[in-house]
Amino acid sequence: MLDVDALLADPGVRIVVCCGSGGVGKTTTAAALAVRAAEEHGRRTVVLTIDPARRLAQSLGLTELDNTPRPVEGLSGDGDLHAMMLDMKRTFDEVVLSHTAPERAKEIFANPFYQAMSSTFSGTQEYMAMEKLSQLRATDRWDLIVVDTPPSRSALDFLDAPARLGRFLDGRMLRLLMVPARAGGRSMFNLVTASFGVFSKAVQKILGAQLLTDLSGFVSALDSTFGGFRERADRTYRVLQDPQTAFLVVAAPEPDAVREATYFAERLGAERMPLAGLVLNRVHRSELPELSAADSAEAAEKLSAEHAEHALTAQALQVHALLMRQVARETDVSTGFTDEFPQVPVAYVPAQPTDVHDLVGLRAIGAALAARPE
């Protein structure tokens, strides 16, 4: 069993990263862990979500979340909790401003290519999540940073995308496109045409002359920060490999979610990143596990046939039979992970009767996460 309280109380753990596929309860898990760290262990905690659905703000009693940590009211204990939601464009702007002269930054912000990339480019969200994590860690304000990773198609995007974007921004193609800005002010198209002939025509046909001009201007303006994007991504990647970081893979007892959790655990192991445990959400349990589905169904059938006056009891037995079959299915699915990673501790969170939408619900989830078997 995963000892969640020991993890949250450990002063050597400064970052907890909740990862997994979409729709498995990562945001709720991250918020519940942050609340418990602040209330039960007195830690100065900040939770960073990259989920645009704003469920975290609602559950923490905040009207809105943005790129600035906002205090969460109504907590007990000696700790405090702040929450924030990643604004990837604003974070990108902050990176540019911190590494570029104001005049050059103004050119970058006005460039159409930058405007598109900072808002919609593939990998930008994950890269900026890494940037924001690095910014939070650089201060001594927080004892613990809890990260709710982006809702990606694949959980592995959180690890892969920053490196891909860093390679793009520091790549050979962009350096090639930067040549015109260093060649006495001739236009991108004219210089490339003179220098590369057929290549330029192909590039212009594919991308268009205006896009090439915008791209050239963007790359030229970023010249002063070249090398920094990849370097910062690599630096934050090393932080994720440090023992001060703990990864929690979050899943539900469903085949696709457990399959994603398995892929992620394999990748974390390959990258030597500290996997602290698996959180299995929405698990069903019975108060009478000794009464099997088959025995329950048989008793229900017998009561219905021979004792009509016990129809309600028969219906209850039928419901129990359905529950035990579901428990069996979920156990079979989850053992696919636990058999492959027997050394990874697991925390089980029971399925909740209603959606979690406030601090009371988050405390209940936190208590379930920290529950120890009798």
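The chain is numbered in sequence order, starting from 1.
Side-chain atoms of His320 never come within 3.5 Å of backbone atoms of Gln315 as a donor-acceptor pair (strictly under, hydrogens ignored). In this structure a side-chain-to-backbone donor-acceptor pair under 3.5 Å is present from Thr149 to Cys18. Without hydrogens or angle criteria, Asp355 side chain to His357 main chain gives no donor-acceptor distance under 3.5 Å. Judged by distance alone, the side chain of Glu39 and the main-chain N or O of Gly77 form no donor-acceptor pair under 3.5 Å. Glu73 places no side-chain N or O within donor-acceptor distance of the main-chain N or O of Pro71, the cut-off being under 3.5 Å. A donor-acceptor pair is defined here as one N or O able to donate and one able to accept, closer than 3.5 Å; such a pair exists between the side chain of Ser98 and the backbone of Val95. Here the side chain of Lys26 pairs no donor or acceptor atom with the backbone of Val250 at under 3.5 angstrom.
For the pair Asp256 and Arg259, the salt-bridge criterion is met [side-chain N within less than 4.0 Å of a carboxylate O]. For Glu271 and Arg267, the salt-bridge test passes: some basic side-chain N is under 4.0 Å from an acidic carboxylate O.
In this structure, the side chains of Leu60 and Leu81 come closer than 4.5 Å at one or more pairs of heavy atoms. Within the 4.5 Å cutoff, side-chain heavy atoms of Arg137 are placed close to those of Gln244. By the 4.5 Å heavy-atom criterion applied to side chains, Ile15 and Val239 are counted as neighbours. Counting heavy atoms from C-beta outward, Thr45 and Asp143 have side chains that stay 4.5 Å or more apart. The closest side-chain heavy-atom distance from Leu7 to Leu248 is below 4.5 Å. Taking 4.5 Å as the limit, some side-chain heavy atom of Thr49 sits within range of a side-chain heavy atom of Thr27. Glu94 places a side-chain heavy atom less than 4.5 Å from the side chain of Gln135. Taking 4.5 Å as the limit, some side-chain heavy atom of Val283 sits within range of a side-chain heavy atom of Glu330.
When the shell of 6.0 Å around CG of Asp339 is examined, it contains more than 12 heavy atoms from other residues, nucleotides or ligands. Few gaps surround CD on Gln241; more than 12 heavy atoms of other groups in view lie less than 6.0 Å from it. For Asp295, the CG atom counts as densely surrounded, since its 6.0 Å shell holds more than 12 non-hydrogen atoms of other residues, nucleotides or ligands. Within a 6.0 Å radius of CD in Glu266, other residues, nucleotides and ligands contribute more than 12 heavy atoms.
Residue Thr91 holds its OG1 atom at 4.0 Å from NZ of Lys132, rounded to the nearest 0.5 Å. The structure places CZ of Phe92 at 9.5 Å from CZ of Phe109, a figure rounded to the nearest 0.5 Å. Atom CG of Leu291 is separated from atom OG of Ser286 by 7.5 Å, given to the nearest 0.5 angstrom. Of the inter-residue distances, the one linking Leu65 atom CG with Asp87 atom CG reads 11.5 Å to the nearest 0.5 angstrom. Here CG of Asp5 is found 10.0 Å from CG of Leu33. Values are rounded to the nearest 0.5 Å. To the nearest 0.5 angstrom, Ile145 atom CD1 is 9.5 Å from Ser134 atom OG.
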Fill in: Steps toward side chain to side chain contact (heavy atoms under 4.5 Å, CB included) verdict (Arg36, Leu8)
CA-CA 8 Å; Arg36 190 166 184 86; Leu8 296 178; 4.0 Å; yes
Discussion item. Before you tell me yes or no, could you show the steps for Glu254 and Val258 under side chain to side chain contact (heavy atoms under 4.5 Å, CB included), namely the whole-Å CA-CA distance, both residues' side-chain angles and the distance that decides it to 0.1 Å?
Written reply: CA-CA 6 Å; Glu254 301 164 0; Val258 172; over 6 Å; no
Worksheet item: Under the side chain to side chain contact (heavy atoms under 4.5 Å, CB included) criterion, do Val279 and Tyr348 qualify, and how do the steps go?
Response: CA-CA 6 Å; Val279 173; Tyr348 297 92; over 6 Å; no
Fill in: Val35 and Arg363: CA distance, side-chain angles, deciding distance, side chain to side chain contact (heavy atoms under 4.5 Å, CB included) verdict
CA-CA 7 Å; Val35 169; Arg363 290 185 182 110; 4.2 Å; yes
Item to complete: Please lay out, stage by stage, how Asp80 and Arg43 fare under the test salt bridge (Lys or Arg N to Asp or Glu O under 4.0 Å).
Response: CA-CA 7 Å; Asp80 63 64; Arg43 305 195 74 181; over 6 Å; no
Worksheet item: Would Thr245 and Asp242 count as a side chain to side chain donor-acceptor pair (under 3.5 Å) if you check the C-alpha gap in whole Å, the side-chain angles of each, and the deciding distance to 0.1 Å?
Response: CA-CA 6 Å; Thr245 301; Asp242 193 272; 5.9 Å; no
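Under the 4.5 Å side-chain contact rule for hydrophobic residues, Val327 and Leu317 do not share a cluster. Transitive grouping of hydrophobic side chains (ILVMFWY, heavy atoms separated by less than 4.5 Å) brings Val249 and Met1 into a common cluster. Grouping the Ile, Leu, Val, Met, Phe, Trp and Tyr side chains by contacts below 4.5 angstrom, directly or via other members, places Leu133 with Tyr237. In this structure, Val319 is not a member of the same hydrophobic cluster as Met324, with clusters built from ILVMFWY side-chain heavy atoms closer than 4.5 Å. When hydrophobic clusters are built by joining Ile, Leu, Val, Met, Phe, Trp and Tyr residues whose side-chain heavy atoms come closer than 4.5 Å, directly or via intermediates, Leu288 is grouped together with Leu303.
For Thr29, the side-chain hydrogen bond (donor to acceptor under 3.5 Å, both in side chains) partners two or more places apart in sequence, or in a different chain, are Asn281. In this structure, Asp10 has no salt bridge (Lys or Arg N to Asp or Glu O under 4.0 Å) partners at least two apart in sequence or on a different chain.
Contact between Ala6 and Asp3 at its shortest, heavy atoms only, is N-OD1, 3.1 Å. Across all non-hydrogen atoms, the minimal contact from Ala276 to Ala246 is CB-CB, 3.8 Å. In plain terms, the two heavy atoms of Ala37 and Leu144 that are nearest each other are CB-CD2, 3.6 Å. Taking each heavy atom of Gly361 and Val356 in turn, the nearest pair found is C-CG1, 3.6 Å. The two residues Gln318 and Ser304 come nearest to each other via the heavy atoms NE2-OG, 4.3 Å. Considering every non-hydrogen atom in both Val333 and Pro253, the closest pair reads CG1-C, 3.9 Å.
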